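Not measured: the values here are computed from a predicted model.
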Amino acid sequence: MTVEGACRVDVWLWRARFARTRALAARMVEAGAVRLTHAGVQTRLDKPSRSVHVGDVLLFALSGRLREVTVVALGARRGPPEAARALYRTIGSQDGDVASG
């Protein structure tokens with residue numbers, strides 16, 4: 001399921017508690033709502049099986065806010081909220097309407 005030092009993006013979003021279920025995380029990715037910056041190149045993700053690595057940056061809309069986070073750890077399981085917050089560092093979040101597309 002994972003390569004050394006990598007994790008599926010849907011699993012990571014679920015572990016970090018940005019999605020209630022892994023299926024919802026997968027739908028978010030499939031809808032094109034998640035962008036990944038890896039090695040300085042930004043890509044709009046369309047497959048939940050894409051990998052994220054420590055140091056990658058994810059940009060996505062959540063509850064009407066634009067969230068930008070750096071992946072700090074991959075995690076081994078979905079834990080309590082305190083453990084989930086340890087998986088990322090917030091770069092920015094913006095209030096306001098977020099258009100899909």
Side-chain angles (χ1 to χ4, degrees):
M1 182 168 118
T2 62
V3 242
E4 187 66 33
C7 178
R8 285 176 57 117
V9 68
D10 62 334
V11 172
W12 189 88
L13 288 166
W14 174 68
R15 287 179 182 166
R17 293 186 169 259
F18 288 113
R20 264 189 191 186
T21 66
R22 189 169 160 196
L24 289 174
R27 275 190 234 140
M28 193 165 102
V29 174
E30 289 167 346
V34 180
R35 292 183 186 200
L36 169 73
T37 302
H38 177 76
V41 178
Q42 189 178 78
T43 307
R44 183 180 299 227
L45 300 180
D46 60 351
K47 294 180 182 176
S49 61
R50 289 287 304 268
S51 295
V52 293
H53 304 83
V54 171
D56 286 352
V57 175
L58 293 173
L59 176 67
F60 53 93
L62 187 66
S63 301
R65 303 176 95 190
L66 217 61
R67 300 287 310 255
E68 188 172 18
V69 297
T70 300
V71 177
V72 175
L74 301 176
R77 65 181 184 88
R78 181 179 167 108
E82 300 79 33
R85 284 191 292 274
L87 299 181
Y88 63 91
R89 185 180 78 244
T90 301
I91 296 172
S93 64
Q94 301 173 1
D95 290 324
D97 295 329
V98 178
S100 62

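Counting all heavy atoms, side chain and backbone alike, C7 lies closest to R15 at SG-NH1, 3.6 Å. For the residue pair H38 and D56, the shortest heavy atom distance occurs at ND1-OD1, 2.6 Å.
By the 4.5 Å heavy-atom criterion applied to side chains, M28 and V34 are counted as neighbours. Inter-residue side-chain proximity for R8 and R50 is flagged as unmet; no heavy-atom pair is nearer than 4.5 Å. For the pair P81/R17, a side-chain contact is recorded, criterion being any heavy-atom separation below 4.5 Å from C-beta on. Here the side chains of L13 and V29 are in contact, with some heavy-atom distance below 4.5 Å. By the 4.5 Å heavy-atom criterion applied to side chains, L58 and V52 are counted as neighbours. Residues T90 and E68 have side chains not in contact (no heavy-atom distance under 4.5 Å, counting atoms from C-beta outward). Residues V57 and V69 are not in side-chain contact: their nearest non-hydrogen atoms beyond the backbone lie 4.5 Å or more apart.
Residues satisfying the side-chain contact (heavy atoms from CB on, under 4.5 Å) test with A26, not counting sequence neighbours, are D10, P48. Scored by the side-chain contact (heavy atoms from CB on, under 4.5 Å) test, T21 finds A23, L24 as partners (sequence neighbours excluded). Contacts of A16 classified as side-chain contact (heavy atoms from CB on, under 4.5 Å), with partners at least two apart in sequence or in another chain: W12, F18, L87, Y88.
In this structure, the separation between CZ on R67 and CG on L62 is 6.5 Å, given to the nearest 0.5 Å. To the nearest 0.5 Å, atom OG1 of residue T70 and atom CD1 of residue I91 are 3.0 Å apart.
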(request) For side chain to side chain contact (heavy atoms under 4.5 Å, CB included), just list the numbers for L74 and H53, CA-CA rounded to whole Å, side-chain angles, deciding distance to a tenth of an Å, and then say yes or no. (result) CA-CA 7 Å; L74 301 176; H53 304 83; 5.8 Å; no
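Listed for the R22 side chain is no donor-acceptor partner under 3.5 Å among the backbone atoms of W14.
Counted within 6.0 Å of CZ on R89, heavy atoms from surrounding residues, nucleotides or ligands total 12 or fewer; the atom is thus considered open.
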